2 protein chains.
Amino acid sequence: MSPAPDVLNQTARIVLAMVAEGHTTGYAIKAEIERSTRLFWGASVGGIYPELRRLVAAGLVAVRDDPRGQTRRHCYSITDEGRAALHAWLTDGSEPLFEMRNEALLRLRFAAVLGPEDRVTLVRRLRALHDERCRLLEERLDEGAFDDVYDRMTAEYALGLNRWAAGWAAAAEARVARE
Amino acid sequence: MSPAPDVLNQTARIVLAMVAEGHTTGYAIKAEIERSTRLFWGASVGGIYPELRRLVAAGLVAVRDDPRGQTRRHCYSITDEGRAALHAWLTDGSEPLFEMRNEALLRLRFAAVLGPEDRVTLVRRLRALHDERCRLLEERLDEGAFDDVYDRMTAEYALGLNRWAAGWAAAAEARVARE
DNA sequence: GTTGCCATGTAAATGGTTACATGATTGG
DNA sequence: CCAATCATGTAACCATTTACATGGCAAC
């Protein structure tokens, strides 16, 4: 009997799914996260490599040495057990994690201690931030950087959310200025 | 010369601001965070009490013993230095932190490995989550739980964001079902 | 008298990021 | 030959959450 793979931690979830999708090296997984999910789910190298080894130890992923010339390289692939764990995670009924750390909004929450100009500056910067994110996402969507259906769908979510936030900030700017 | 108070860490930012706003005990600060900011900026007891002591050590906050009967109690208040640090944070030009961990969206990103029914379930749950959050926020807004201008403004941001996300999920549900 | 709230705190575990360190390969 | 990219890894650090531990006070 395999050692009950506990529940997958945050890094394990995305790493396992990325391996399942065919990203075979730690490096490739990191790159794909940056390209595709970093706006709503990040992970850093320092977590990815150890996690891959843990997943191998748990039997959810298999490794094969696959050097390129003199460069060592590991080729990871998902196992049947890994596929089962991935499916279990994707379909499990527990409330999905949804967390935000929004510093601009926290600042606005305490805007009362500022003078009128500083308040407006605060909201204006919030708006600029979302505008810039929209611009970058639109550019990449136009370039066709998101080819897969679900990859594009989640990118469009990120774009829509930033558009909404930019619009909210524009309205808030007017409200704050009108004092 | 006071030991350059470095930059405020995440917990320090909200704790200092809460003290400035007149929440005088660790307990009260925790309660206020739960009531007002937890949807976009959280903090837990285990961080708040030590942080209050660090802020006192840095001279940004002052303590006074203020027992209630036999119960020890600390009454925290902001110092001039603390006010300056708070103002510096609120007006500083660096890019504000904006992070999200959205598990439902991450699952959708990998929906390709699921069958049609499981995919629809995924999006339906995403929608249900945001609907529920909207319901709770609307209820509290109706009750007048957010009296202060900026407190209400940030609560309305949270409501608006969840409404947008619920709407997006509803549209996505239709798209995913139509396959 | 007992439940729930006010109030403070610590310890251990968890989780994650940053920076550092290394070195081969590819393309210009 | 130089720069960029591919590729792997570790160690130190930072921050935060959870669980535990304690005890008075207020209200029913």
Side-chain angles (χ1 to χ4, degrees), chain A residues 6-16 18-19 23-35 37-38 40-57 61 63-76 95 97-101 103 106, chain B residues 5-16 18-19 23-35 37-38 40-58 61 63-76 95 97-101 103 106:
Chain A
D6 268 288
V7 189
L8 302 168
N9 70 33
Q10 298 194 18
T11 306
R13 292 174 214 173
I14 193 163
V15 169
L16 181 62
M18 285 296 181
V19 171
H23 306 282
T24 58
T25 71
Y27 189 89
I29 290 168
K30 172 64 176 147
E32 177 65 6
I33 290 171
E34 287 310 298
R35 191 196 63 76
T37 72
R38 94 168 167 292
F40 55 89
W41 197 281
S44 52
V45 253
I48 293 168
Y49 287 106
E51 192 55 53
L52 279 164
R53 290 189 297 261
R54 271 194 293 273
L55 288 170
V56 170
V61 155
V63 220
R64 184 167 57 80
D65 277 339
D66 183 26
R68 276 296 174 276
Q70 294 312 102
T71 311
R72 68 180 163 171
R73 190 167 77 157
H74 305 317
C75 179
Y76 294 94
E95 176 146 319
L97 195 144
F98 184 97
E99 278 176 14
M100 220 200 310
R101 278 254 141 152
E103 189 177 7
L106 186 67
Chain B
D6 266 291
V7 190
L8 302 168
N9 71 32
Q10 297 194 17
T11 306
R13 293 174 213 174
I14 193 164
V15 169
L16 181 62
M18 285 297 183
V19 171
H23 306 283
T24 58
T25 70
Y27 189 90
I29 289 169
K30 171 64 176 149
E32 178 64 6
I33 290 171
E34 288 309 298
R35 190 195 65 77
T37 73
R38 91 166 170 293
F40 54 89
W41 198 281
S44 53
V45 253
I48 292 168
Y49 287 105
E51 193 54 54
L52 279 165
R53 290 188 297 262
R54 271 194 292 273
L55 288 170
V56 170
V61 154
V63 221
R64 183 168 59 79
D65 277 340
D66 183 25
R68 275 297 172 275
Q70 294 311 102
T71 310
R72 68 179 163 171
R73 191 167 77 155
H74 304 318
C75 179
Y76 293 94
E95 176 146 319
L97 195 146
F98 184 96
E99 281 176 13
M100 219 200 306
R101 280 257 140 150
E103 188 176 8
L106 187 67

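These numbers were taken from a predicted model, which means no experiment stands behind them.
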Between the protein and nucleotides 13-18 of chain C, are there any N/O to N/O pairs under 3.5 Å, and if so, what are the atom names and distances?
residue: C/dG16; atom: OP1; partner: A/Q10; partner atom: OE1; Å: 2.9
residue: C/dG16; atom: OP1; partner: B/R101; partner atom: NH1; Å: 3.2
residue: C/dG16; atom: OP2; partner: A/T11; partner atom: OG1; Å: 3.1
residue: C/dT17; atom: OP2; partner: A/S44; partner atom: N; Å: 3.2
residue: C/dT17; atom: OP2; partner: A/S44; partner atom: OG; Å: 2.5
residue: C/dT17; atom: O5'; partner: A/S44; partner atom: OG; Å: 3.4

(request) Identify, with sequence neighbours excluded, every residue that meets salt bridge (charged side-chain N to carboxylate O under 4.0 Å, His left out) alongside A/R35. (result) A/E32, A/D151

(request) Can you sort out the partners of B/E99 under salt bridge (charged side-chain N to carboxylate O under 4.0 Å, His left out), two or more places apart, ordered by chain and number? (result) none

(request) Using the test side-chain contact (heavy atoms from CB on, under 4.5 Å), find all partners of A/T24 that sit at least two apart in sequence or belong to another chain. (result) A/C75

(request) Walk along DNA chain D from 5' to 3' and tell me the first and last nucleotide with an atom closer than 4.0 Å to a non-hydrogen atom of chain B. (result) D/dA15 to D/dC25

(request) Return the set of residues passing ring pair (Phe, Tyr, Trp, His ring centres under 6.0 Å) with A/Y49 (not counting sequence neighbours), or none when no residue passes. (result) none

(message) Rounding to an integer number of Å, can you tell me how far B/R54 CZ sits from C/dT10 P?
(response) 11 Å

(message) How many whole angstroms separate atom NE2 of B/H23 from atom P of C/dC6?
(response) 15 Å

(message) Report for the helix from C/dG1-D/dC28 to C/dG28-D/dC1: angle between first-end and last-end helix axes, five pairs each, rounded to 10 degrees.
(response) 30°

(request) Report yes if a side-chain nitrogen or oxygen of B/Y27 is closer than 4.0 Å to either non-bridging phosphate oxygen (OP1 or OP2) of C/dT8; otherwise report no. (result) no

(request) Report the C-alpha separation of B/H74 and B/D65 in whole Å, then their side-chain angles, then the decisive distance to 0.1 Å, and conclude whether the side chain to side chain donor-acceptor pair (under 3.5 Å) test is met. (result) CA-CA 5 Å; B/H74 304 318; B/D65 277 340; 3.2 Å; yes

(request) Not counting sequence neighbours, which residues clear side-chain hydrogen bond (donor to acceptor under 3.5 Å, both in side chains) with A/E34? List them please. (result) A/K30

Under 3.5 Å between N/O atoms: give me all the protein pairs with nucleotides 25-28 of chain C, atom names plus distance.
residue: C/dT25; atom: OP1; partner: A/Q70; partner atom: N; Å: 2.6

